[in-house]
Amino acid sequence: MLNHIDNIKEDRTAEDLLFQVMLDWGIDLTLPICSKTVQDKIVFFVDTNVLVACFETDVTEALVRELAGYSPLRMVFRDSGFTNDDVKINVEQIFRQFSPETEIRTI
């Protein structure tokens with residue numbers, strides 16, 4: 001039952017979440033932001049690799065590996081967005097292998 005609880009208010013958009021994360025991390029809100037579709041998921045890139053954010057659901061290990069390949073300085077995912085607990089647990093290991101300097105958070 002607890003696996004189905006989302007800690008994000010239903011009316012929050014991905015852009016709302018992105019700007020909140022940028023404020024929390026102290027990232028300048030005037031930096032260029034673009035969104036790309038990566039493996040059918042919308043992913044935000046702030047100033048190329050200052051921050052990469054994916055607030056989608058059903059995030060797979062393959063997507064995590066591809067995002068790690070961008071070597072972002074900071075990476076954020078939705079806590080309830082992973083396809084299963086194994087993917088959520090493996091995120092740190094994947095980034096440690098492909099992009100060890102990345103700071104990772106979930107919201």
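By convention here, the first residue in the shown sequence is residue 1. Not measured: the values here are computed from a predicted model.
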Do any side-chain atoms of residues 43-55 form donor-acceptor pairs under 3.5 angstrom with protein atoms, and if so which ones, sequence neighbours left out?
from	atom 1	to	atom 2	distance (Å)
Asn49	ND2	Ser71	O	3.3

Requested in this report: Could I get the full list of side-chain contact (heavy atoms from CB on, under 4.5 Å) partners for Asp28, not counting sequence neighbours?
Outcome: Thr30, Leu31

Requested in this report: Would you mind listing every salt bridge (Lys or Arg N to Asp or Glu O under 4.0 Å) that reaches into residues 30-42, with sequence neighbours excluded?
Outcome: none

Requested in this report: Kindly work out whether a path of hydrophobic side-chain contacts (I/L/V/M/F/W/Y, heavy atoms less than 4.5 Å apart) joins Ile33 to Leu17.
Outcome: yes

Query raised in the report: Does the side chain of Gln93 reach to within under 4.5 Å of the side chain of Gln97, using non-hydrogen atoms?
Result: no

Query raised in the report: Can you tell me if Asn84 uses its side chain to pair, donor with acceptor, with the backbone of Val87 under 3.5 Å?
Result: yes

Report task. Please identify each residue that fulfils side-chain contact (heavy atoms from CB on, under 4.5 Å) with Gln39, with sequence neighbours left out. Result -> Thr60, Ala62, Leu63, Glu66

Please tabulate, one pair per line, all N/O donor-acceptor pairs under 3.5 Å involving side-chain atoms of residues 100-107, not counting sequence neighbours.
from	atom 1	to	atom 2	distance (Å)
Thr102	OG1	Pro72	O	2.5
Thr102	OG1	Ser99	O	3.3
Thr102	OG1	Ser99	OG	2.5
Glu103	OE2	Trp25	NE1	3.2
Thr106	OG1	Asp79	OD1	3.4

Query raised in the report: With hydrophobic residues grouped by side-chain heavy-atom distances under 4.5 Å, do Leu67 and Val76 end up in a single group?
Result: no

Query raised in the report: Is there a donor-acceptor contact under 3.5 Å from the side chain of Asp16 to the main chain of Thr13?
Result: yes

Query raised in the report: Who passes side-chain contact (heavy atoms from CB on, under 4.5 Å) against Leu29, sequence neighbours left out?
Result: Phe19, Met22, Leu23

Requested in this report: Decide whether Phe77 and Phe98 are clustered together by the hydrophobic rule: side chain heavy atoms of Ile, Leu, Val, Met, Phe, Trp, Tyr closer than 4.5 Å, transitively.
Outcome: yes

Query raised in the report: Do Tyr70 and Ile42 share a hydrophobic cluster (ILVMFWY, side-chain heavy atoms under 4.5 Å, transitive)?
Result: no

Requested in this report: Please assess Val91 against Met75 for the test side-chain contact (heavy atoms from CB on, under 4.5 Å), listing each intermediate value before the final yes or no.
Outcome: CA-CA 10 Å; Val91 167; Met75 181 75 221; over 6 Å; no

